There are 2 protein chains.
Amino acid sequence: MGTVSFRLGLLGVAQDALYASRLADLDLKPKHVALLCVLRLRGAESQMELAGLLGVAPSLIVLLADHLEERGAVQRVRDPADRRRQSLRLTDTGLHLLAAATEVAAQLDEELAAGLPPAEHAALSAALDHLLNGALERP
Amino acid sequence: MGTVSFRLGLLGVAQDALYASRLADLDLKPKHVALLCVLRLRGAESQMELAGLLGVAPSLIVLLADHLEERGAVQRVRDPADRRRQSLRLTDTGLHLLAAATEVAAQLDEELAAGLPPAEHAALSAALDHLLNGALERP
DNA sequence: CGCAATCATTCACGGCCTGCACGACCGGGG
DNA sequence: CCCCGGTCGTGCAGGCCGTGAATGATTGCG
């Protein structure tokens, strides 16, 4: 089993579960962090667009946004041009929450880097960047 | 979000889902493949040990083994030394099934490598190897 | 001015995995 | 020799997550 995709899946799922457990204190899941990330990096015009970017059903965006809105991390604002759409705006508390979540991930990174030569760690980071950017620039 | 762990989780979960969908024809899930993999690479003395290696509950091993046994991919053999234990033996059809699953993963790899410089692909593979071996040699 | 299409939301359902309870089985101590 | 605590595999019920279909509001096209 020298395939990259399979091992990437295995490690990724494990890492996701681990990150989720570490995120329990913040009462967040990795999906929430992903949503905050997208909002910070590029923003989005509608929840539909977010669903497409995250690769999940629109109804899930509703739940994620609900939870984040309760915490005051995001604001739903009706698009005046098209009142069907809701744009999600990242608030200051949302930024702080994202920073806290990033801090948790950074600590996980240290543990991960402990069993990895620095050069490979950097190479891994670069490869993930390329794959992630490639996935987002598809459409 | 420059953290490796977070992006590894994102991509890994997506890759796992993608692999799962491609595996539908074989009526397998990635977890089944992981189980077959462990049996092929190192074997195990008991289902408990497998649960530990895969990081899942023992009761899940039962379900996975049930499914694989129905397909004739593995055989349950009582350990004569300790009749509580069941050793899972990989059969020839199990080997073929694993080969087919690996083939599916290999095709996914090609698609993955399309958006990645060959050097980074190799580096990614090496890094995943280190992390996976590190995780298995913990105990 | 309808009318089909689009967006957000709700809700019921299905799948996956876990935790617990149970029976079979082991090894040691009285 | 026989309990008795501990271990292993298994069955079962429950919880969580995410999806898909139905609903209502809103849009722009014909």
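Each chain gets a letter, A, B and so on, in the order its sequence line appears, and its residues count up from 1. Treat the numbers as computed from the prediction; the structure is a model and nothing was measured.
- An OP1 or OP2 oxygen of C/dT9 is reached within less than 4.0 angstrom by a side-chain nitrogen or oxygen of A/R76.
- As rounded to whole Å, 13 Å separates atom C1' of D/dG18 from atom CG of A/L54.
- Picking from D/dT19, C/dC25, D/dG9 the nucleotide with the shortest atom distance to the side chain of A/A57 gives D/dT19.
- Separating the CG atom in B/L132 from the SG atom in B/C37 is a distance of 9.0 Å, to the nearest 0.5 Å.
- Nucleotide D/dT10 holds its C1' atom 9 Å from the CG atom of B/L63, rounded to whole Å.
- A straight line from CG of B/D16 to C1' of C/dC17 spans 14 Å, rounded to a whole angstrom.
- For the pair B/I61 CD1 and D/dT7 C1', the computed distance is 17 Å after rounding to whole Å.
- Looking at every heavy atom in both residues, B/R83 comes nearest to B/R78 through O-NH1, 2.8 Å.
- Here D/dG11 presents its C1' atom at 13 Å from CD of B/Q47, a figure rounded to the nearest Å.
- Nearest heavy atoms, B/D109 versus A/V4: OD2-N, 2.7 Å.
- Among the nucleotides C/dT18, C/dA8, D/dG9, the one closest to any side-chain atom of B/R85 is D/dG9.
- Both A/G55 and B/A65 lie near DNA chain D, and the one whose nearest nucleotide falls closer to the 5' end is B/A65.
- Side-chain atoms of A/V56 lie closest to D/dT19 of the nucleotides D/dT19, C/dA8, D/dG9.
- Between the side chain of B/S59 and the base of C/dG19 there is at least one donor-acceptor pair of N/O atoms closer than 3.5 Å.
- B/Q86 has its CD atom 10 Å from the C1' atom of D/dT10, to the nearest Å.
- For A/K29, taking side-chain heavy atoms from C-beta onward, the closest of the listed nucleotides D/dT10, D/dC17, C/dT18 is D/dC17.
- Rounded to an integer number of Å, the gap from CG of A/L88 to C1' of C/dC7 is 13 Å.
- Taking every side-chain heavy atom of B/D66 into account, D/dG11 is the closest of D/dG11, C/dC26, C/dT10.
- Atom CG in B/D79 sits roughly 17 Å away from atom P in D/dT7 (whole-Å rounding).
- The existence of a salt bridge linking B/D27 and B/R71 is confirmed by a sub-4.0 Å separation between a basic side-chain nitrogen and an acidic carboxylate oxygen.
- Each of A/P58 and B/R78 lies near DNA chain D, and the nucleotide nearest B/R78 is the one positioned closer to the 5' end.
- Between B/L39 and B/L88, the shortest heavy-atom distance links the atoms CD2-O, 3.6 Å.
- Between the side chain of B/R84 and the base of D/dT7, at least one donor-acceptor pair of N or O atoms lies under 3.5 Å.
- For A/K31, a side-chain nitrogen or oxygen approaches OP1 or OP2 of D/dG18 to under 4.0 Å.
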